[in-house]
Amino acid sequence: QVQLVESGGGLVQPGGSLRLSCAASGSIFSINAMGWYRQAPGKQRELVAVITSGGSTDYSDSVKGRFTISRDNAKNTVYLQMNSLKPEDTAVYYCNADLLTDWGMPGAYWGQGTQVTVSS
């Protein structure tokens, strides 16, 4: 079994900061990449940021300069530091992991999502 557990979401005022965490656990042999997606009400799910096991990162244009993705490979954990938050950042944030299980099965796994609300 593979599980992704997210934490760190909540309510914050515009200009504030939040740090999201996602820990992957279970029968994991290796993780190729981990990332964060978000989905606002009535909108499509979009990729926010991604990081590979080697440390290469990519961000959507809307969050560049404000969000930072990082990871701890030893803990199979990915983080998303969100600064200068805007109301348009309000969404459910989902963690994703592209991995290989101990039994040689590749696949993408998802967390259940954590709500981020930016409002005054």
- prompt: Quick one: CG on L99 to CG on N32, what's the gap to the nearest 0.5 Å?
  reply: 8.0 Å
message: Measuring only between side-chain heavy atoms, which start at C-beta, is M34 closer than 4.5 Å to V50?
response: no
- prompt: If you round to the nearest 0.5 Å, how far is CG of L85 from OG of S17?
  reply: 6.0 Å
- prompt: Quick one: CD on Q1 to OG on S27, what's the gap to the nearest 0.5 Å?
  reply: 6.0 Å
message: Just verifying a value: how many Å separate K64 NZ and T57 OG1, rounded to the nearest 0.5 Å?
response: 9.5 Å
- prompt: Which atoms form the tightest heavy-atom contact between P106 and G104, and what is the distance?
  reply: CD-O, 3.4 Å
query: With the 4.5 Å side-chain cut-off for hydrophobic clustering, are W110 and V92 part of the same group?
result: yes
query: Are Y79 and I31 connected, step by step, through hydrophobic side chains (Ile, Leu, Val, Met, Phe, Trp, Tyr) whose heavy atoms are closer than 4.5 Å?
result: no
- request: Look at the side-chain heavy atoms of Ile, Leu, Val, Met, Phe, Trp and Tyr, link any pair under 4.5 Å apart, and say whether L100 and V2 land in one connected group.
  value: no
message: Tell me whether Q112 at atom CD has more than 12 heavy atoms from other residues, nucleotides or ligands lying less than 6.0 Å away.
response: no
- request: Identify the two heavy atoms, one from I69 and one from W36, that lie closest to each other, and give their separation to 0.1 Å.
  value: CD1-CD1, 3.9 Å
Pi-cation contact, Y94 with R45 (under 6.0 Å, within 45°): yes
R71 versus G55, closest heavy-atom pair with distance: NH2-N, 3.5 Å
- request: Could you tell me whether Q115 atom CD has more than 12 heavy atoms of other residues or ligands within 6.0 Å of it?
  value: yes
task: List the steps, then state whether side-chain contact (heavy atoms from CB on, under 4.5 Å) holds for M82 with L20.
output: CA-CA 8 Å; M82 304 186 294; L20 305 183; 3.8 Å; yes
Exercise: identify the closest heavy-atom pair between L80 and A49: CD1-CB, 4.2 Å
message: Strictly distance-based, threshold 3.5 Å: is any side-chain N or O of N73 a donor or acceptor partner for the main-chain N or O of S53?
response: yes
task: Tell me, with the steps shown, if S62 and S60 meet side-chain hydrogen bond (donor to acceptor under 3.5 Å, both in side chains).
output: CA-CA 5 Å; S62 63; S60 69; 3.2 Å; yes
- prompt: Can any side-chain N or O of T77 pair as donor or acceptor with the backbone N or O of K75 at less than 3.5 Å?
  reply: yes
query: Any sub-3.5 Å donor-acceptor pair from R19's side-chain atoms to Q81's backbone N or O?
result: no
query: With a 4.5 Å heavy-atom cut-off, do Y93 and Q39 have their side chains touching?
result: no
query: Are K86 and D89 ion-paired here, with the side-chain N under 4.0 Å from a carboxylate O?
result: no
message: When you measure from the side chain of R38 to the backbone of E46, do you find a donor-acceptor pair of N or O atoms at a distance under 3.5 Å?
response: no
- prompt: Are the side chain of T90 and the backbone of V118 linked by a donor-acceptor contact shorter than 3.5 Å?
  reply: yes
Same cluster (ILVMFWY, side-chain, under 4.5 Å), V78 and Y37: no
statement: So disulfide (SG to SG under 2.5 Å) across residues 20-120, not counting sequence neighbours, yields C22-C95
- request: I would like to know whether V12 and T117 meet side-chain contact (heavy atoms from CB on, under 4.5 Å); could you show each step before the answer?
  value: CA-CA 6 Å; V12 65; T117 302; over 6 Å; no
query: Do you know the tightest heavy-atom contact between S120 and P14?
result: N-CD, 3.7 Å
message: Please determine whether residues I51 and L18 belong to a single hydrophobic cluster, defined as Ile, Leu, Val, Met, Phe, Trp and Tyr linked transitively by side-chain heavy-atom distances below 4.5 Å.
response: yes
- prompt: How far apart are the closest heavy atoms of A108 and N96, and which atoms are they?
  reply: CB-ND2, 3.8 Å
